[in-house]
Amino acid sequence: MGVFKDAEQLYQCIAGMMEICSEDQAMGGKIREAELVIRFVYSDPDSQITVDAKNPAPHGYFTVYRGENDLEPEVVMEMKADVAHRFWLGKVNLVSALTRGEMKARGPIPKIMKLLPAIKPAFAIYTRHLQNLGYQDLLA
Amino acid sequence: MSAGGYTGKLLWVDLTAGTTGVRPLDPGYIKDYLGGSGIGAKILVDLLGSEFGRVDPFSAQNPLVFMTGPLTGSGLPATGRLSACSKSPLTGIYGESSVGGSLGAALKYAGLDGIVITGAAARPSYLKINPREALLLPAENLWGLDTYQTCDLLMAEVAEERGLKAAACIGPAGENLVPFASVAVNKGHFLGRTGIGAVMGAKKLKGLVVSGRTAPPSADEAAVSLLKKSITAGMKENIVLQSLHVYGTNSALDLALFSGDVPIRNWALGEWNEGIAKINGPSFDAVLTGRKTCFACPVVCKREVEVTEGPFRTGRGPGPEYETVASFGTMCLIDSVEALCKLNETCNRLGMDTITAGATAAFLLEAAENGLLPDTPPGFSFGNAPAVLEMVKEAAYRRGGGSLLAAGSREAARRVGPAAKAFLTTVKGLEAPMHDPRAGHGMGLAYATGYRGACHMSDLTMGIEQGSSLFPGLELPDCYEGQSSLGKAAMVAAAQDLGSILGGAAIFCLLGVTGYSEADIVGALQAVTGEDHTLESLLEQGRRIWYLKRVLNNLCGVSREDDQLPPRLLQPLDTGGAAGSVPDMELMLSEYYVLRDLSPRGLPGVETLRKLGLGFAVPWLYPD
C-alpha cells in the first residue's frame, strides 16, 4: 500500500494544502496569473485534483476540485500518489522524475515552467499542513 | 579507414613557415580515440611528447588542434560539433573546448576532419578553406575588430561560394592574450572555456572561414535516415528538450530553484528568489526576437534577443545562456535582463568566456567588499551592473580596473594577496561553472578530477546525478540522491569515461544527447561509420582518452593536491535547496583513486596505462 490509505486521505493532505495555497496572496496570485486549468491524476489510490486558475474561489485566487469533474484541463500531470507526496515534501528530483516517467506532463511547457517558481513555497506549507492534521507518520 | 564518418584528411598549417598542406588522418587514431578531442589530445602527445609539460601556452611550440567527430555533418540531431585542444593559458594544463553551430559540419563538407595548427605567424593572418585549397591570408584589416564585425567580413569572403559556410574568429581579448579569450563561431556559438582564443591570439591567427559542398558519406545512409526520424520524434516528447526549446538553457534556472544547483553571490548565499524571478527563463521573453539552432539540430535552443532602449541597449544577437545568466546574474546579484544581455553581448563581441569573466567579476566584487581592492571605484559592488560592465570592457584590453579581471580569478587572487584566496572558486585554475556541488556531491568529485579543471561538460556526471540522462548499460544505481557522497566515485568514473566519448570524441551536444537512448548512440555510430561499435568498446575508448588527458596534466605537474575543491565550494549554506549540505571529498576521492588506479601522487598506474595502450607515457611519468 502507498502512503495514503485512500483517496479521502490524499484529498485531505494534498488538496487541503492546495486550498491553503489558494488563499496565499503571493503564491495564489502568481498561479492565478497563469489562468490555467491543471489536472493532477494520481494512482494508488486512484484520485484526481483539478486546479482552476481561470475561475477563482470565493476566498481564494484559484479553485481546487476534488475528484472527477467536467473541466477541460490545459495541463495534465500524472503520477503515483506516493510521488506526489514526496514531491510536495521537496524530496523528488523533478528532472529525474520527468525523465524516468515517474511524472508525466502534458500541456504547454512555457506555462508549466512559469509556475515552477510560484509553487516553491508550497513545500513548507505542505509540511505544516500535515503536522496540523496530525500526520507525523507521513513526514518520516 | 571507416566506410563513413570521416574524410580521412587533416589540414596541417605551419604558421611560422606560412604553409598549409593536407595529410591523411591516421586510422590508428580513429581506432583508439574515435575523433574530436580524443584524437586532438593524441595529436598534442605525438607532437610534443613529454615536452607538453614545459611548453609555454603562448609560444609557437604550443599546437592548436580543431577536430570534428565521426557524426559531425551527418545530419543526426545534436551532433554538429567541433572540439579545439591546446595547452591552456588560463590553467597551464591541458585545455579544450567544444562548439556547436556549423563550423564542424562545414569542415566536413570541405573534405576535412580537422585542422592542426603549429607555429606562430609574424603578422595577423586568417585561414580561408574550401574543398580546393587552404589559403593563409593577411588579416591586418581585421585585427582590432570585434568578433561580430570579423565574422561578417570573413563570411563576406565566401559570399560567392555555394554550400555550407562558417566563420570562426577571436576578438580584442584574444589579440591581447586575455587567458580566457574565446573563439566566436558565426556570432552565436563559442569555444568558450580554457582560453583557446588567447592561443589563437598568440599565434596571430585572427580567424578562419570555411566553405564546403559535399556532405560526408555515411556507411548506411538508410539507417541514418531512420535514426534521424525516430530521434527527432522522441526529442519532441522529451520535456527537458522541450524546456530547452522554449526557454533555452536558462530554463535550468527555474529547475535549480528546487535543487539548489545555482550558485549565488560568489557561492556564499543559498537563496535569492526575488532576483532569480526577474532573470529566469520566462523573464527573457521581454527581449526575445527569434530562435536559432546548431547544424541539423531540431531542439532549436538558441535564443536571439535585442534590447532596444536604455543604458543596456544591444544589437539583435545571441541571448545569454544559463551559464552566462548565472555567472553575471546570480553570482554578481545583477537582476536586470537588459544588463545581462549587454554583458553577454560585450563578452561575445570582445571574445571572452562568460563563465570565467562573470566568476572573476564576482570574486573581485567580494574582494572589494572586504577591502582588498583599494583602487576599485566606489560603486564597484554586488548588483551594480554598470560597474561590472565597465570592468568587463576594460578587461579585453587589459587596461585600468579591467586588468585584474583579465588575469582570471586564480592569478588575480595571487596578485591581490593571500586573504583573497578564500573567495576563489577555481579547480586547477578554471572557475567552476554554475552548478553547485553542495546540491550534487558527484559534481564536486567531477570538478576536482576533471581534466580541464572544474567543468560540467567534459563528463556526464550532471545529467546522471540530476536524472536527466539514463544509461542503464553503465550498470549504475537507478537514481542518485544529489546531496549524498555515497556511491558517487563509481558514478563519476563511469560518467567521465562515457563523457570522454560523447562530449569529447563523438561529439554530441551533452544537452541534446538526452534525446538519445544508449541503443541510439551506438546505432548512430555504427550507421555512420560502418564500424562495429558497442557500449563497451566506446567506454574503453573513453577511458583511454580520459587517462591520456590525465597524463598530459600530470606532465604539467598535476597531482592529488590539485584534485580538490576550493574552500568556498565546501562552505555549508544556511538556506536554499542545498542548505547544510557539503560533499565528503575525502571519502569520494579515496574511493575514486582506487577505482582509477591513481597513485598517492595522482599518477595513473603503470599496468593501467599499458592495458589501455598508453605505455608510451610510462617513462614520462615514472622516469626512475
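As a basis for the values below, the full set of heavy atoms in this structure was taken, side chains included, without hydrogen atoms, waters or symmetry mates.
Contact record, A:Val95 with B:Gln466: CB-O, 4.1 Å, taken as the closest heavy-atom pair. The two residues A:Asn93 and B:Gly467 come nearest to each other via the heavy atoms ND2-N, 4.4 Å.
Within 6.0 Å of CD on A:Glu23 lie more than 12 heavy atoms contributed by other residues, nucleotides or ligands. The environment of A:Gln136 atom CD is dense: over 12 non-hydrogen atoms of other residues, nucleotides or ligands sit within 6.0 angstrom. The 12-atom threshold is not exceeded at CD of A:Gln25, counting heavy atoms of other residues, nucleotides or ligands nearer than 6.0 Å.
Using a 4.5 Å heavy-atom threshold, the side chains of B:Thr514 and A:Thr99 count as separate.
Ranked by heavy-atom pairs under 4.5 Å with chain A, the first of B:Gly281, B:Ser468, B:Pro282 is B:Ser468.
Within the 4.5 angstrom heavy-atom criterion, only backbone atoms of B:Glu465 (N, CA, C, O) approach chain A. Neither the backbone nor the side chain of B:Asn238 comes within less than 4.5 Å of any heavy atom of chain A.
Within the model, atoms OG of A:Ser96 and CD of B:Glu481 stand 12.0 Å from one another, a figure rounded to the nearest 0.5 Å. Taken from CD in B:Glu271 to NZ in A:Lys120, the straight-line distance is 4.0 Å, to the nearest 0.5 Å.
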